[in-house]
Amino acid sequence: MKRIIFFLLIAGASLSCSDGILSEDTTFDTRNLVLNHFFYFNDEVIDTSKIFTLGNSRIVLKDVSIAFGGYYFSDHLMDTVTPSGMDTIGYDFNPNVASLKFGTASRLFKLDKGVYQGVHHFKMGIDSSITGDYNEWPVGHPMTNPGLYRGKGQGYNSLYINGLYKEIGDTLSEEPNLPFTYRVSDEVLDVWWSKPTSFNVVASMDVNINIVWNIDRLLQGLDPTIIDNIECNEGDPIDLLLAESLVANILPSYQIQL
């Protein structure tokens with residue numbers, strides 16, 4: 001109940017709703033299709049100082065970041081409406097990121113003015129073919145989030161989770177103080193999901209889709225006192241399996257608000 005009330009207060013204050021229209025935020029670029037993320041853990045809004053329980057651990061989440069590497073819109077016949085020509089020649093997509101630490105809104109695509117009825121298609125994860133060298137991203141681009149970079153020639157993390165933990169029975173420290181980090185590489189995370197909708201696009205306004213992301217469901221089955229580091233290392237079968245379990249938990253934990 002607290003989550004619903006809090007979310008409605010936020011939505012009402014911003015005059016936004018799923019597929020709603022808002023004044024454009026020009027802090028990064030002109031893409032007017034925006035995914036607004038609200039991060040929750042056990043029905044509580046996450047901030048970077050709140051303490052939660054995960055397995056046998058008390059944790060503080062410092063960052064949860066996910067990269068988006070693709071988008072298209074199709075009509076009721078499932079023909080691609082935008083971007084035009086995508087089915088034949090492909091298109092360049094400038095990836096964006098939703099992050100607990102660096103910004104929860106992710107701008108994905110610039111839609112032309114008009115009336116739309118059909119299906120949004122979003123790609124969670126980024127392709128190595130569209131990611132340049134880390135140093136080539138412009139200053140301030142979301143892909144410069146240091147947690148996303150896996151190293152020269154090793155690509156990027158499409159999902160990055162970082163925080164601090166302590167064992168529940170640990171009396172030596174009052175608050176979580178040991179680091180844990182979970183990563184899923186761009187080679188492993190490749191999830192498409194869709195949202196049927198109808199909406200209008202007008203000048204200088206955004207198309208907003210609000211999302212509640214339940215991080216407790218994303219991390220279901222994990223415990224930092226047992227596993228405090230996931231590298232998504234294809235040479236380590238157990239580590240890779242743990243990364244794949246995070247991928248399997250993404251869509252069940254990811255809820256578009258109607």
### Query
Would the Tyr182 and Phe180 ring centres measure less than 6.0 Å apart?
yes

### Query
Do other residues, nucleotides or ligands put more than 12 heavy atoms under 6.0 Å from Lys110 NZ?
no

### Query
Does Glu175 come within less than 4.0 Å of Lys166, counting only side-chain N to carboxylate O?
no

### Message
Please check this pair: side chain of Arg183 against backbone of Ile230, looking for a donor-acceptor N/O pair closer than 3.5 Å.
### Response
yes

### Query
Can we say Arg150 and Asp186 salt-bridge, meaning some charged N sits less than 4.0 Å from an Asp/Glu carboxylate O?
no

### Query
Backbone N or O of Leu159 within a donor-acceptor pair of the Tyr156 side chain at under 3.5 Å?
no

### Query
Is the NZ atom of Lys62 crowded by more than 12 outside heavy atoms at less than 6.0 Å?
yes

### Query
Counting only N and O atoms by type, is there a donor-acceptor contact under 3.5 Å from the side chain of Thr104 to the main-chain atoms of Leu100?
no

### Task
Can you label the angle between the Phe73 ring and the Phe199 ring as parallel, tilted or perpendicular, going by 30° and 60°?
perpendicular

### Message
So, using side-chain hydrogen bond (donor to acceptor under 3.5 Å, both in side chains) as the criterion, who are the partners of Ser106 when residues are at least two apart?
### Response
none

### Task
Indicate, with yes or no, if the rings of His121 and Phe68 have centres closer together than 6.0 Å.
no

#### Entry: Side-chain donor/acceptor of Arg107 to backbone N/O of Arg31, under 3.5 Å
yes

### Message
side chain to side chain donor-acceptor pair (under 3.5 Å) for Asp223 and Ser57? Distances and angles first, verdict last.
### Response
CA-CA 6 Å; Asp223 183 341; Ser57 303; 2.7 Å; yes

### Query
Going by atom types only, do His141 and Asn94 share a side-chain donor-acceptor pair under 3.5 Å?
yes

### Task
Inspect the surroundings of CD in Gln117 and state if more than 12 heavy atoms from other residues, nucleotides or ligands are less than 6.0 Å away.
no

### Task
May I ask you to check whether Ser99 and Asp63 show a side-chain donor-acceptor distance below 3.5 Å?
yes

### Message
Donor-acceptor pair, distance only, cut-off 3.5 Å: does the side chain of Asp216 make one with the backbone of Asn42?
### Response
yes

### Task
Check which hydrophobic residues are tied to Val60 through side-chain heavy-atom contacts below 4.5 Å, counting indirect links as well, and list them.
Ile51

### Message
Treating Asp236 as the side-chain partner and Asp239 as the backbone partner, does any N or O pair qualify as donor plus acceptor under 3.5 Å?
### Response
yes

### Query
How about Trp192 and Tyr72: are their ring centroids closer than 6.0 Å?
yes

### Query
Are Phe122 and Val247 co-members of a hydrophobic cluster defined by side-chain heavy atoms under 4.5 Å apart?
yes

### Task
Determine the interplanar angle of the Tyr71 and His120 rings, folded into 0 to 90°, and report it as parallel if under 30°, tilted if 30 to 60°, perpendicular if over 60°.
tilted

### Task
Begin with the C-alpha distance, continue with both residues' side-chain angles, and end with the deciding distance and a verdict on ring-ring contact (aromatic ring centres under 6.0 Å, His included) for Trp213 and Phe38.
CA-CA 6 Å; Trp213 198 4; Phe38 299 85; over 10 Å; no

### Check: Asn36/Asn208 side-chain N/O donor and acceptor closer than 3.5 Å
yes

### Message
For the backbone of Leu240 and the side chain of Asn233, can you confirm whether one donor and one acceptor N or O come within less than 3.5 Å of each other?
### Response
no

#### Entry: Donor-acceptor pair, side chain of Ser158 and main chain of Ile126, under 3.5 angstrom
yes

